[in-house]
J.: 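Take this structure first; my questions come after.
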Protein chains: 2
Amino acid sequence: MKKLNVEEAMKIFYQKCEERGLKITPQRVFIYQELLQATDHPSIDEIYQRVKDSLPNISFDTVYRTAFSLTEMKLVDIVEGHSGSRRFDANTGPHHHFRCLKCHKIIDFDSDYYDKVIIPEELQRKFNIVAKKIMLEGFCEECSQIE
Amino acid sequence: MKKLNVEEAMKIFYQKCEERGLKITPQRVFIYQELLQATDHPSIDEIYQRVKDSLPNISFDTVYRTAFSLTEMKLVDIVEGHSGSRRFDANTGPHHHFRCLKCHKIIDFDSDYYDKVIIPEELQRKFNIVAKKIMLEGFCEECSQIE
DNA sequence: TTACTATATAATAATTATTACTATTTGTCA
DNA sequence: TGACAAATAGTAATAATTATTATATAGTAA
Ligand SMILES: [Mn+2]
Ligand SMILES: [Mn+2]
Ligand SMILES: [Zn+2]
Ligand SMILES: [Zn+2]
């Protein structure tokens with residue numbers, strides 16, 4: 001893993017906040033720093049619990065709003081739980097998905113090329129892998145037009 | 001998309017139910033059939049709403065339990081919302097994820113090979129794609145041992 | 001067919017996660 | 001140093017997930 005440079009990341013954070021007229025508050029700084037040092041992809045509540053060590057009065061709502069503004073600033077990614085609720089698929093055959101980040105549609109597509117993408121040897125050894133999933137994200141035809 | 005053969009799928013469904021000693025109830029049949037014909041990766045609640053047309057007295061709980069038993073039978077996949085809560089990642093650099101289906105840890109890994117996986121031309125044209133995400137699923141080192 | 005029994009169900013409650021609201025506080029800048 | 005837009009804490013509301021329990025039913029064997 002390319003070691004995440006916290007100094008550099010914070011510099012970009014300050015820049016982006018300024019660009020967007022977002023105030024530099026201790027809450028915002030601590031939340032982003034906590035996320036920068038986390039390697040376990042925490043939930044809002046986990047971030048909240050951790051930041052409370054430094055800022056005992058911080059509210060859940062602040063962590064919630066901040067996580068989302070960081071996402072909008074493209075400083076953090078969501079790796080799970082985009083759309084709120086769990087979604088099911090009875091098509092267990094080989095196919096792949098595109099997710100619209102606006103309307104949360106998940107659209108199937110075929111790709112021989114993606115079907116053939118392999119699972120690296122060293123990961124096979126390390127984990128007991130049962131599935132490989134490729135997801136493209138962006139804006140669907142309708143949502144692209146509106147924007 | 002390889003056209004999903006409902007006949008064939010139902011045959012396998014009956015087989016698997018029998019194997020596991022699961023009773024063939026109208027609820028189970030309707031729920032699976034509804035999922036088989038859906039192409040939009042519905043949530044539990046969406047499945048519930050749709051199945052109500054055929055079985056007005058069905059309960060949400062039944063849909064919930066059935067969706068999970070179908071998942072365990074590997075007749076349906078979860079395509080979103082594995083772990084319940086939303087998870088964040090401040091590492092926006094190129095890297096990939098492994099998800100443990102048991103303990104829900106999401107573990108980073110590097111792969112030059114996966115970094116180089118491209119986005120098919122025709123999808124680029126169709127959608128406004130901003131990200132490509134590869135997720136491997138299975139059981140982590142600890143969870144593999146216990147099993 | 002009928003009676004039995006383990007499993008599944010409906011109805012509902014409990015829990016957990018997400019999002020919204022508002023009075024007060026604070027960072028920014030003139 | 002004010003003025004004031006933006007952010008925050010505290011809390012409420014909503015939505016999603018999971019658990020509970022009394023009743024009903026599918027499957028089986030007499
Ligand atoms: Mn699909
Ligand atoms: Mn990551
Ligand atoms: Zn869309
Ligand atoms: Zn695990």
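A, B, ... follow the sequence lines: proteins, then strands. Residue 1 opens every chain. As a basis for the values below, the full set of heavy atoms in this structure was taken, side chains included, without hydrogen atoms, waters or symmetry mates. Since the model is a prediction, treat every value here as computed from it, not as a measurement.
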J.: Please find the earliest and latest nucleotides of DNA chain C, in the 5' to 3' direction, that have an atom within less than 4.0 Å of any heavy atom of chain A.
T.: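 Counting from the 5' end, contacts occupy C:dT18 to C:dT28.
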J.: Can you tell me how far apart CD1 (A:I31) and OG1 (A:T25) are? Round to the nearest 0.5 Å.
T.: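 Rounded to the nearest 0.5 Å, the CD1-OG1 separation comes out at 7.0 Å.
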J.: Could you tell me which residues satisfy side-chain hydrogen bond (donor to acceptor under 3.5 Å, both in side chains) with A:T92, sequence neighbours excluded, listed by chain and number?
T.: none
J.: Quick one: list whatever passes salt bridge (charged side-chain N to carboxylate O under 4.0 Å, His left out) with B:D61, sequence neighbours left out.
T.: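 Residues passing salt bridge (charged side-chain N to carboxylate O under 4.0 Å, His left out) with B:D61: B:R65.
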J.: Sort me out a list of protein N/O and nucleotides 28-30 of chain D N/O pairs below 3.5 Å, or just none if empty.
T.:
none

J.: Could you tell me which residues satisfy side-chain hydrogen bond (donor to acceptor under 3.5 Å, both in side chains) with A:R99, sequence neighbours excluded, listed by chain and number?
T.: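 For A:R99, the residues satisfying side-chain hydrogen bond (donor to acceptor under 3.5 Å, both in side chains) (neighbours in sequence not counted) are A:E137, B:E80.
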J.: Looking at side-chain heavy atoms only, is the closest gap between B:F139 and A:V130 below 4.5 Å?
T.: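 The answer is yes; the side chains approach within 4.5 Å.
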J.: Identify, with sequence neighbours excluded, every residue that meets salt bridge (charged side-chain N to carboxylate O under 4.0 Å, His left out) alongside A:K105.
T.: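 Expected list: A:E142.
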J.: Should A:H97 and A:D108 count as side-chain neighbours, where that means a heavy-atom distance under 4.5 Å?
T.: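 A:H97 reaches A:D108 side chain to side chain.
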J.: Fit a plane to each ring of B:Y114 and B:H96, take the angle between them on a 0 to 90° scale, and name the class: parallel (under 30°), tilted (30 to 60°) or perpendicular (over 60°).
T.: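 Ring orientation, 0 to 90° scale: perpendicular.
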J.: Which angle, to the nearest 10 degrees, lies between the helix axes at the two ends of the helix from C:dT1-D:dA30 to C:dA30-D:dT1, each defined by five pairs?
T.: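 The angle, to the nearest 10 degrees, is 30°.
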J.: For A:E122, what residues pass the salt bridge (charged side-chain N to carboxylate O under 4.0 Å, His left out) criterion, not counting sequence neighbours?
T.: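 Partners of A:E122 under the salt bridge (charged side-chain N to carboxylate O under 4.0 Å, His left out) test: none.
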J.: For atom CD of A:E18, is the number of surrounding heavy atoms from other residues, nucleotides or ligands below 6.0 Å larger than 12?
T.: no
J.: Can you give one letter per nucleotide of nucleotides 1-12 of chain D, 5' to 3': B if a protein heavy atom sits under 4.0 Å from the base, S if only from the sugar-phosphate, - if neither?
T.: ----BBSBBB--
J.: Are any non-hydrogen side-chain atoms of A:F88 and B:I78 less than 4.5 angstrom apart?
T.: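 Contact flag for A:F88/B:I78 side chains = yes.
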J.: Is there any salt bridge (Lys or Arg N to Asp or Glu O under 4.0 Å) pair reaching into residues 25-52 of chain B, and which pairs are they, with sequence neighbours excluded?
T.: B:D40-B:R50
J.: I need the residues from residues 71-90 of chain A with at least one non-hydrogen atom less than 4.0 Å from DNA chain D; give them sorted by number, or say none.
T.: A:G84, A:S85, A:R86
J.: Using side-chain heavy atoms (C-beta onward) and a distance below 4.5 Å, is A:F109 in contact with A:L136?
T.: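 Yes, close enough: below the 4.5 Å cut-off.
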J.: Measuring from atom CZ of A:F127 to atom CD1 of A:I119, what distance do you get when rounded to the nearest 0.5 angstrom?
T.: 12.0 Å
J.: Would you kindly compare B:F68 and B:I24 by the position of their nearest DNA chain D nucleotide and give the one closer to the 5′ end?
T.: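 Per heavy-atom nearest nucleotide, the more 5' residue is B:F68.
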J.: Listed by chain and number, what are the ring pair (Phe, Tyr, Trp, His ring centres under 6.0 Å) partners of B:F30, not counting sequence neighbours?
T.: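 Applying ring pair (Phe, Tyr, Trp, His ring centres under 6.0 Å) to B:F30 gives none.
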